[in-house]
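Beneath this line is the structure, given in structure tokens, with notes to follow.
Note: hydrogens, waters and symmetry copies are ignored here, and every other heavy atom, side chains too, is used. Quick caveat, the model's predicted, so the values are computed rather than measured.
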Amino acid sequence: MRTLTISFGRQKIRFSDRMIKEEEEQGWWIVPLVLLIFSLPFVLDDYRIYLMNRIGVAIIGAISLDILCGFCGQLSLGHAGFLAIGAYSYGILHMTFHLPAPLSIVGAGCVGALLSLVIGIPSLRLKGLYLAIATMGFTFIVDDAIRFFSVWTHGVEGFRVSRVVHFGFMELHSGKTGFYYFLYTLVFAMVVFSRFLLHSKLGRAFTSIRDSETAAEVSGINLLLYKVLAFGISSFMAAVAGALMGIIIGTISPEDFNILLSIDFLVMLVIGGMGAAYGAVIGAFFITFLPEGITTLRDAFLPPGSDIAILQYLIYGLIILSFIVFEPHGIYGRWLVIKTYMKRFPLNEKRIGRIAWIRRWR
Amino acid sequence: MRILDVQDLRIAFRGLVALNGISFAVEEGQIFGLIGTNGSGKSTFFNCVNRLYKPHKGRILYKERTDLLKQPTHGIAKLGISRTFQNLELFYYTHVLDNIMVGLHPRLKFSRLLKSRSLRTFGKQWDWDKDEAFKILDFLGITRFHNRLVSGLPYGLQKLIELGRALASKPNLLLLDEPSAGMNEQETREMARLIKAIRDDFGTTVLLVEHDMNLVQSICDMVCVLDSGNVIKIGKPREVTTAPEVLKIFLGEEDHAQA
Amino acid sequence: MVIIDGIVNGIALGCIYALVAFGFVLVYKATKIINFAQGEIMMICAYVCYAGIKTFHLNFVASFVLAVVFGLVLGSLLERLFIRPLIGYPVLPIVIATIGISMVLQAVVGLIWTFEPQRLDPFSVSPYRVLGIAISPVHLWTIMITVVLIAVFFLFFRYTLVGINLRAIAEDLLGSMASGIAVRRMFNFTWALAAALGAVAGILLAPLVLLHPHMGSIGLRALPAAVLGSFGSIPGAIVGGLILGLSETIAGLYLPKEIKDVFPWLILFLVLLIRPEGIFYTYEQKKV
């Protein structure tokens with residue numbers, strides 16, 4: 001098949017024998033973004049670096065949930081449980097058994113993937129809401145197990161985790177820039193990995209399961225295998241995220257991993273957009289910054305010393321509701337709509353759209 | 001070779017017997033028609049072949065060797081059997097091309113699970129996958145719709161897309177569930193031409209469930225008539241449509257001497 | 001005699017679980033949505049009752065009625081504002097929407113009454129003696145009110161037009177619409193009813209656990225009861241609730257605290273592994 005490629009600056013249009021305009025995914029933004037992110041440590045103070053680290057971990061967590069929910073359509077409220085498993089596995093492997101840090105991180109991921117079988121295998125029989133309830137139960141049980149096995153996990157007092165990661169000769173302290181680069185290398189790798197996954201055979205199997213299990217099955221997709229894989233990959237990444245979170249914060253306790261964390265990640269996906277890893281990145285960014293924004297608001301409007309929890313719950317809930325009612329496909333979804341609009345500009349169905357909108361409110 | 005050999009197949013749903021021990025055989029390279037009134041068990045039979053239903057008794061031999069009833073649901077496609085659905089099972093909110101590419105699944109090797117070309121073509125679809133899908137679209141004559149969303153397309157087109165997905169796995173046996181449902185004269189003729197081309201160009205055996213007698217007459221090599229889960233008659237189209245017991249089922253007690 | 005107390009406690013707890021599960025299943029049957037905010041609705045109505053007593057100085061019965069009416073209005077309002085626009089959406093956004101509602105409700109309660117736990121004790125503390133067993137009034141009233149409510153609802157669904165309409169919608173939505181049932185109004189009414197049920201459950205629960213904004217999470221614990229009883233079945237929810245409450249209390253007497261805390265969820269996993277369809281499941285084969 002002969003092809004002819006014409007480039008208009010960034011846009012490539014490829015004409016093949018079929019004389020159809022085919023479009024390819026653009027990756028031009030990678031290099032500038034990498035440069036931007038990697039130059040930040042020089043201009044930001046320590047607290048902002050800490051925030052960026054937290055965002056990095058949130059991105060990894062959100063993408064892993066996106067692979068499970070957005071790609072494969074398996075609704076899971078159990079993400080906090082896997083992060084907890086990862087964090088505590090890392091703590092036990094590294095602090096108690098003194099395994100080297102990188103090995104402990106991978107080990108934590110493996111523990112998470114292994115334990116995901118608990119949900120992965122039954123997930124075959126559990127659809128939609130049932131799966132949501134089951135995964136919610138999983139989070140509660142993990143939370144409780146952490147308290148129960150407090151001999152290993154130090155329970156409610158908190159488990160002190162070393163903030164230093166030894167990479168052979170390198171010593172990365174999570175407060176310093178070395179670790180920041182390590183983390184964001186992982187983040188970028190994760191984003192790239194998820195995009196490759198989306199367009200691969202595995203990714204297509206996942207989206208088929210999401211869209212119609214019957215059609216997927218008769219097309220030869222082994223539901224059990226792929227659902228287990230989805231849970232496995234997602235939990236591995238989530239556990240790694242949990243381990244990294246432990247390294248960044250320094251102390252972990254069961255309260256850090258309650259059901260609210262699971263909801264946090266789901267909200268990241270709803271706000272950012274599900275199904276394409278970019279939405280997860282946007283959502284992670286948004287939700288991690290939210291508490292900061294709320295603190296600023298609180299200082300501005302309420303008398304000092306007011307319980308922040310009230311404002312947090314209120315704003316959180318209102319944001320969730322307004323996004324779902326008005327922008328259910330998230331920010332990335334809206335961006336895609338804008339992109340398509342721009343492509344057809346000025347030949348859009350603007351007028352038709354407006355009339356339909358007016359009619360709706362009559 | 002008998003590509004499909006149904007032996008005494010029986011399935012019941014809590015007392016409602018859908019298939020009552022039916023038996024027939026389909027030869028390789030045939031276009032085989034399965035006709036009968038509504039509720040006679042035609043779609044149920046398809047679902048049994050696909051292992052979406054689990055029959056209680058009987059065997060379905062594929063290529064004279066494999067008992068399909070011992071295979072898991074997803075293994076059927078790997079064996080080379082594809083089907084379309086009466087109530088389409090499509091992915092409505094993705095492109096036509098994506099829908100077709102799902103059908104390629106059995107042909108893809110596991111080692112190519114994650115690979116892609118280069119970082120420059122970051123996240124790009126596999127050329128090969130796309131080529132194969134486009135070949136199918138070309139064959140069906142709907143190439144120009146390749147990046148349209150399925151939900152916005154007319155019903156006839158959606159049926160073709162489902163057919164495309166079934167063809168993508170290069171099946172040896174194709175099960176078509178009422179291919180001409182909801183189509184007018186011209187579209188039905190097109191469909192007949194397509195089915196013939198599928199058999200002639202790809203060597204695929206086609207098993208049809210149909211209501212449209214003209215279609216059955218024009219392309220089927222053999223026909224089997226079902227009624228209430230029983231086989232009434234098997235034979236060439238002309239024989240079957242004039243046989244008195246068949247006419248009794250379709251038209252009632254009085255005999256009408258017409259095909 | 002500890003075991004007798006345990007049984008009574010368990011039945012009372014089971015009644016509350018049953019009421020909450022009833023609310024869940026009611027909404028689910030009609031609208032195919034699980035309202036994760038059911039617990040919080042329960043909580044805010046209990047607070048309204050509290051406000052009736054403390055702020056408006058009404059007697060208990062009037063506050064009770066006030067809370068139930070508030071529940072009806074709240075349920076109706078929530079449905080109209082947040083659920084109606086989301087009809088037809090896939091599962092995930094709706095689940096998150098109800099979670100969002102639960103958060104807003106908690107925040108509103110925290111705003112008005114702060115996050116400090118409050119006491120709501122409408123019943124005297126001294127136990128009655130029934131058949132020679134000492135039962136505290138709370139438990140007795142809980143069981144009695146639950147029994148009365150179940151009877152009322154049984155009659156309601158069987159013999160009133162509205163009840164029959166609701167059952168019709170739960171069975172076959174399109175058919176109901178075609179038969180002229182005002183479906184949207186029925187949805188609204190279902191939510192209002194479920195909220196009112198939540199109000200009763202909340203008021204009965206408050207004496208046991210103290211009134212605080214996080215009380216609603218107990219509502220989530222009733223979900224395993226609904227699953228146990230097969231989500232689409234109302235008698236199932238009630239039976240499931242009773243079984244859950246009883247087993248949780250009995251187990252709590254002999255097992256360590258941590259296991260008792262997550263007992264409903266362990267039961268849930270057990271059910272989902274062995275028989276996810278629940279006890280009252282009717283066989284269905286999807287027609288392809």
Exercise for review: Assert yes or no for the condition that the ring centre distance of A:Y226 to B:H74 is strictly below 6.0 Å.
Suggested key: no

Check your understanding: Crowded around A:F285 CZ? As in, over 12 foreign heavy atoms under 6.0 Å?
Key -> no

Exercise for review: Check whether B:T73 gets within reach of chain A through its side chain, its backbone, both or neither, counting any heavy atom under 4.5 Å.
Suggested key: both

**Study point:** Residue A:R125 excluded, over 12 heavy atoms near CZ under 6.0 Å
**Key:** yes

Revision key, fill the gap. When every non-hydrogen atom of B:A77 is compared with those of A:S219, the smallest separation belongs to CB-C, 3.5 Å

Check your understanding: Any chance OH of A:Y181 has more than 12 other-residue heavy atoms, nucleotides or ligands included, within less than 6.0 Å?
Key -> yes

**Study point:** From CA spacing to verdict: side-chain contact (heavy atoms from CB on, under 4.5 Å), A:T207, B:F91
**Key:** CA-CA 9 Å; A:T207 47; B:F91 308 144; over 6 Å; no

Check your understanding: Hey, are the side chains of B:T94 and A:D211 touching, using non-hydrogen atoms and a 4.5 Å cut-off?
Key -> yes

Practice item. Please indicate whether B:R199 has more than 12 foreign heavy atoms, meaning atoms of other residues, nucleotides or ligands, lying under 6.0 Å from its CZ. Key: yes

Point to revise | Residue pair A:R204 / B:H105, side-chain heavy-atom distance below 4.5 Å | key: no

Exercise for review: Start with the C-alpha distance between B:I76 and A:V218, add both sets of side-chain angles, then the distance that settles side-chain contact (heavy atoms from CB on, under 4.5 Å), and finish with yes or no.
Suggested key: CA-CA 7 Å; B:I76 304 293; A:V218 301; over 6 Å; no

Review point. So with a 6.0 Å cut-off around NZ of B:K54, is the heavy-atom count from everything else above 12?
Key: yes

Exercise for review: Can you tell which part of B:R165 gets under 4.5 Å to a heavy atom of chain A, answering side chain, backbone, both or neither?
Suggested key: side chain

Check your understanding: Roughly how far apart are B:E89 CD and A:S208 OG, rounded to 0.5 Å?
Key -> 12.5 Å

Check your understanding: Has B:H95 got more than 12 heavy atoms of other residues, nucleotides or ligands less than 6.0 Å from its NE2?
Key -> yes

